[in-house]
2 protein chains.
Amino acid sequence: MGQQLAFCGDRPKSRPAPARSPDVSAVRHLRLFDDLDLEAQADILRLARPQRLGPGEAPLRQGDAPDLVFLVLSGRFKAVQVTSEGAQVVTRLVGPGDLMGHVAVLNDKPHSATPIAVLESLVLAWNCDDFMEAMRRHPGFAVAVMRGMAASIQEAHTRLREAATERVEQRIAHAVLRLARQAGRRVANGVEIAFPLTRQDIALMTGATLHTVSRTLSAWEHQGLVDGGRQHLVLRAPWVLARIAGGAAGGEETIASAGRPSGE
Amino acid sequence: MGQQLAFCGDRPKSRPAPARSPDVSAVRHLRLFDDLDLEAQADILRLARPQRLGPGEAPLRQGDAPDLVFLVLSGRFKAVQVTSEGAQVVTRLVGPGDLMGHVAVLNDKPHSATPIAVLESLVLAWNCDDFMEAMRRHPGFAVAVMRGMAASIQEAHTRLREAATERVEQRIAHAVLRLARQAGRRVANGVEIAFPLTRQDIALMTGATLHTVSRTLSAWEHQGLVDGGRQHLVLRAPWVLARIAGGAAGGEETIASAGRPSGE
DNA sequence: GGTTCTCTTTGCGGATCCGCAAAGAGCGGG
DNA sequence: CCCGCTCTTTGCGGATCCGCAAAGAGAACC
């Protein structure tokens, strides 16, 4: 918090053992550990320290020196980037199996965003030296981390393309569909975004204003495409939203007018 | 040059030695090989095959299955992504030391963009299996690859923020400054973008139209901030452009009206 | 239960920037 | 040397979407 830019090796290598060492069973189902044998998993986990965060809390802050790497076990975070002028963006949504802080550690630059918990969350924290050492000792781990980064790059480039070529309504459609894929839960009327999400959040993800997002969602609600609510959203007709995202003008489209939902 | 693309693994593991095995001296100055000893460098290079591409040529194409990974030794590429509707974006600029195709290989998905050479270029190509094997065998190499990916993520997120929060003129300013940093060459009147760059290219990088870019550059040229030309651009007053990028309105700004160029 | 706060909705004017159109300018090829 | 190509410039109308403003709705707190 108040600490100056201090690089990752300032802390003594042999620090006191963490309160409780996390159990392998907590992570073995994550794709990050797929390729690793039990011994490697245990070796990596031995260095990790569990940490719990409530909504609104952040494990690290934009501008901080990169000293820790986090793995999300449960819960969800939104990574918010703030410019010097005060403008904000949500660069990505972080869920179970995703890492936080590794990009800054690898770049050896200050963290470029603040991941804010939107749900009660459980994470594992590594000292960044330990994290790098784990990757050097277990190449399979390094490759798994890279896979996650590759997915992150693809998503960023996809959003970049959307931002450059699509109108606001299409971008919002893409955003909510992506949210449904990443954090959706099947409910009676459709797919629910499974964490508190404000219109403002969607605006920060799409480069639109709060007002435009509200107007768009209202219109969709009148057409029966979504169910809105305070920090709450249910997609009733994802396939129609997909058509809107794909470029169909949002005119007089209704649930019935486009292909029905066969498989997901 | 005219050789066909072969799938990843189609070729026998112990294939005949390439026409000429690339020399370690060609890559040892690249950051990608910084942490590796000579033996490791040689081991990785042994599997690589050099390839030359002229302007307009592409080592791989969007939609192709990921079978090869390329390292740029010299020259430059622009990565172009095309949507099904025909809209285009330039997702990134690739120069010496950068990789191409690795993201798709790691994701095990088709390539999401086509890197088009804008200069006579020399690259090294790995069979993707060999590339993965090299990373597993040399963790330092894997980490170096990751550093490049981390930089790529940061740049993408930066552009995402710009696209979401800035006006066109600011985005163009940011884009040309980034170009100058990545591919700039000091000349008498300022910094020259050292490869053929059309207004259309800048438009595809900023999410603007060709016309708006042309208008903006014309205005800057009248103010003496840049020297334009066919596929050609020289930044005469990068510090003023930096002010514009930072949010200063592009009104009656001249070279003299803002801080002078002390250091770079 | 009332108050306060955040979040959401909706209206309206206007700046930005696209989209179409057409004419100039540099460059290579026949 | 002229032709044809691509790239660039410039004008103009109009749609999109922001920015300001203000009221309504839901949840939390005392």
Side-chain angles (χ1 to χ4, degrees), chain A residues 54-56 78 85-90 116 118 162-173 175-176 193 195-223 226-234 244 247 249-251, chain B residues 54-56 78 85-90 116 118 162-173 175-176 193 195-223 226-234 244 247 249-251:
Chain A
K78 56 180 177 186
E85 281 83 28
Q88 298 183 11
V89 194
V90 171
I116 300 173
V118 292
E162 292 172 6
T165 66
E166 296 178 353
R167 317 262 95 172
V168 169
E169 190 184 23
Q170 299 175 47
R171 297 206 303 271
I172 296 174
V176 297
I193 310 296
F195 66 91
L197 177 77
T198 67
R199 306 290 183 264
Q200 171 76 358
D201 288 331
I202 298 179
L204 294 182
M205 291 189 243
T206 53
T209 59
L210 160 64
H211 314 281
T212 303
V213 171
S214 180
R215 271 183 265 266
T216 304
L217 291 187
S218 289
W220 288 351
E221 192 159 10
H222 289 143
Q223 296 172 41
V226 302
D227 270 358
R230 188 191 172 84
Q231 303 191 340
H232 186 79
L233 193 64
V234 177
I244 294 175
Chain B
K78 57 180 176 186
E85 281 83 28
Q88 298 184 11
V89 194
V90 172
I116 300 173
V118 292
E162 292 171 6
T165 66
E166 296 177 354
R167 316 262 101 180
V168 169
E169 190 185 23
Q170 299 176 48
R171 299 207 302 271
I172 296 174
V176 297
I193 310 295
F195 65 93
L197 177 77
T198 67
R199 306 291 182 263
Q200 171 77 356
D201 288 330
I202 299 179
L204 295 182
M205 292 190 245
T206 52
T209 59
L210 160 64
H211 315 281
T212 302
V213 172
S214 180
R215 270 182 266 265
T216 303
L217 290 187
S218 288
W220 288 351
E221 191 159 11
H222 289 143
Q223 295 173 42
V226 301
D227 271 358
R230 188 192 171 84
Q231 302 190 342
H232 186 79
L233 193 63
V234 177
I244 294 175

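Every chain is numbered from 1 and lettered A, B, ... according to where its sequence line falls, protein lines coming before strand lines.
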Exercise. Just the endpoints, please: which first and last nucleotides of DNA chain D, 5' to 3', lie under 4.0 Å from a heavy atom of chain A?
Worked result: D:dT16 to D:dA27
Exercise. Who are the side-chain hydrogen bond (donor to acceptor under 3.5 Å, both in side chains) partners of A:Gln88, not counting sequence neighbours?
Worked result: none
Exercise. So, for B:Ala163 and A:Ala163, which heavy atoms are closest and what is the spacing to 0.1 Å?
Worked result: CB-CB, 4.1 Å
Exercise. Between A:Arg167 and A:Ala219, which has a closest nucleotide on DNA chain C that is more 5'?
Worked result: A:Ala219
Measure all distances between protein nitrogen or oxygen atoms and nitrogen or oxygen atoms of nucleotides 25-28 of chain C, and list the pairs falling under 3.5 Å.
none

Exercise. Listed by chain and number, what are the side-chain hydrogen bond (donor to acceptor under 3.5 Å, both in side chains) partners of A:Thr212, not counting sequence neighbours?
Worked result: A:Thr209
Seminar exercise, completed: As a check of understanding: the bend across the helix from C:dG1-D:dC30 to C:dG30-D:dC1, end axes from five pairs, rounded to 10 degrees, works out to 40°
Problem set entry | Pairs involving residues 196-212 of chain A, ordered by first then second residue, that meet salt bridge (charged side-chain N to carboxylate O under 4.0 Å, His left out) (sequence neighbours left out) | A:Lys78-A:Asp201
Seminar exercise, completed: Within residues 196-210 of chain B, the residues having a heavy atom closer than 4.0 Å to DNA chain C are B:Gly207, B:Ala208, B:Thr209
Problem set entry | Partners passing side-chain contact (heavy atoms from CB on, under 4.5 Å) against B:Ile202 (at least two apart in sequence or in another chain) | B:Ile172, B:Val176, B:Leu197, B:Thr206, B:Val213, B:Leu217, B:Leu233
Exercise. With sequence neighbours excluded, what pairs up with B:Ala87 under the side-chain contact (heavy atoms from CB on, under 4.5 Å) test?
Worked result: A:Thr165, B:Thr83
For this session: Go through the structure and list residues passing side-chain contact (heavy atoms from CB on, under 4.5 Å) with A:Gln231, not counting sequence neighbours.
Result: A:Pro196, A:Thr198
